[in-house]
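Since the structure comes first, as structure tokens, the remarks are kept for the end.
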Amino acid sequence: MKVYAEDLYRNETVKVGTVFVYRDMTKEYEVDKMKSEFVSTVSHELRTPLASILGFTELLINRELKKERQLKYLSTIYGEANRLTLLINDFLDVQRMEAGKQTYEKKYLEVLSILRKIVDNQKVNAIKHKITIKSDLNQAIILGDKLKIEQAFTNIIGNAIKYSPEGGTIQISIYEETETLNVSVKDEGLGIPEGESAKLFNKFYRIDNSDRRKIGGTGLGLAIVQEIVNAHGGKITVQSQLGVGSNFTLSFPKLSMEVQTSNNKEYTQ
Ligand code: ADP
């Protein structure tokens, strides 16, 4: 089609062609999907403990109950309130990490004693499990932020317990490789379907199948562990077989010989 200058000067609408604008919506779609997963996870995960707190409080207020029963209900309320606190902390942690506002205060840490303490704390959740800790090293030291490292180990050991509903042995091992000091947590639980392993570290990602639907969670635990481990110059890997079990390994940069063999007892336990 020919376009004449006088048509343009006359300010008339002249169609000279069509411009197609293509926009890749994949990113927008992914963000929308994440937002809706977030909303449904948050509402489900916050509602469940809240409903139980409200229900038990109502019973305590409206019924004449024996002391023993009152204590039982109070301890459920306490447990659920604790669960809410942990959830909210997870949400806040993720937000802080995403905003790049998470700070790390690193000190030399003795890994074995940290793991022993975590295993002790987790024993109430691990009634059907046997948890062992094996170390190849006299002293396993890493440079890390104590609370964050504890949080990372707690999430991994907590998952090993949670996703082994039938029990079994959970074997924690500390060992060295050329460049790294590794902590692996091996369970005999549900395992992970092929092709899903890489996605587990995405925020809010949960494997959705009938074995797991009853097991609560936010899909944030492993994303948080990955952030923490990365911030320490390390990495997390997983090997797993569905129905057989999983082995999560956290690797940290190995420290110099002087630090490892030093008798300086100023390690944070
Ligand atoms: P959450 O446990 O809150 O769902 P995580 O980020 O910790 O979130 O884990 C993501 C998913 O990875 C879980 O939903 C679970 O299906 C799977 N998973 C994590 N750890 C294990 C494990 N030790 N064994 C089997 N599946 C696991």
Side-chain angles (χ1 to χ4, degrees), residues 33-34 36-49 79-80 82-98 102 115 118-119 122 125-126 128-133 148-173 182-231 235-250:
K33 197 163 145 250
M34 242 181 72
S36 74
E37 272 168 18
F38 175 77
V39 172
S40 76
T41 307
V42 172
S43 42
H44 177 261
E45 289 300 317
L46 296 183
R47 252 197 217 143
T48 319
E80 294 294 290
N82 241 339
R83 198 172 130 196
L84 274 181
T85 313
L86 292 177
L87 277 176
I88 292 166
N89 286 345
D90 270 3
F91 292 136
L92 293 178
D93 272 350
V94 167
Q95 209 192 21
R96 218 175 296 134
M97 284 167 178
E98 270 181 356
Q102 185 66 60
L115 288 169
I118 292 170
V119 168
Q122 292 279 329
N125 305 319
K128 296 184 183 170
H129 307 77
K130 180 176 170 225
I131 307 183
T132 62
I133 308 181
K148 292 287 152 207
I149 292 290
E150 279 176 355
Q151 186 182 9
F153 289 150
T154 304
N155 286 0
I156 297 294
I157 296 169
N159 275 351
I161 298 168
K162 189 162 90 167
Y163 295 106
S164 311
E166 302 301 325
T169 299
I170 294 168
Q171 209 178 311
I172 304 173
S173 313
N182 302 346
V183 175
S184 67
V185 179
K186 185 165 181 272
D187 65 56
E188 299 172 339
L190 301 176
I192 293 155
E194 239 184 284
E196 298 267 350
S197 301
K199 296 186 223 156
L200 302 182
F201 301 98
N202 294 343
K203 282 174 288 276
F204 304 114
Y205 190 82
R206 304 201 73 213
I207 296 170
D208 187 26
N209 63 22
S210 55
D211 320 359
R212 292 165 213 252
R213 219 156 282 149
K214 291 188 289 305
I215 304 176
T218 55
L220 291 175
L222 289 177
I224 292 174
V225 177
Q226 189 174 47
E227 280 282 341
I228 296 174
V229 175
N230 286 349
K235 67 174 198 216
I236 174 165
T237 53
V238 56
Q239 285 175 319
S240 183
Q241 205 183 332
L242 194 62
V244 177
S246 311
N247 189 3
F248 283 84
T249 304
L250 279 60

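Note that ligands are numbered from 1 as they come in the structure, with each ligand's atoms numbered from 1 the same way. Numbering of residues begins at 1 and proceeds along the displayed sequence. All figures in this text were calculated on a predicted structure; none of them were measured in a lab.
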(message) Surrounding NZ of K186 (heavy atoms of other residues, nucleotides or ligands, distance under 6.0 Å), is the total greater than 12?
(response) no

(message) Please evaluate residues F248 and L222 with respect to the criterion side chain to side chain contact (heavy atoms under 4.5 Å, CB included), reporting the C-alpha separation (whole Å), side-chain torsions for both, the decisive distance (0.1 Å), and the verdict.
(response) CA-CA 10 Å; F248 283 84; L222 289 177; 4.0 Å; yes

(request) State whether the side chain of H129 and the backbone N or O of A160 hold a donor-acceptor pair below 3.5 Å, judged by distance alone. (result) no

(request) State, to 0.1 Å, how close T218 and R206 come at their nearest heavy-atom pair, and which atoms those are. (result) C-CD, 4.0 Å

(message) Measuring only between side-chain heavy atoms, which start at C-beta, is D187 closer than 4.5 Å to Y163?
(response) no

(message) Any heavy-atom pair between the side chains of D93 and Q102 that's under 4.5 Å?
(response) yes

(request) Below 4.0 Å from any atom of ligand 1, which residues have a heavy atom? Give them in chain and number order, please. (result)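 The 4.0 Å shell around ligand 1 contains N159, A160, K162, Y163, D187, G191, I192, L200, Y205, R206, I207, R212, G217, T218, G219, L220, G221, L222, S246, F248.
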
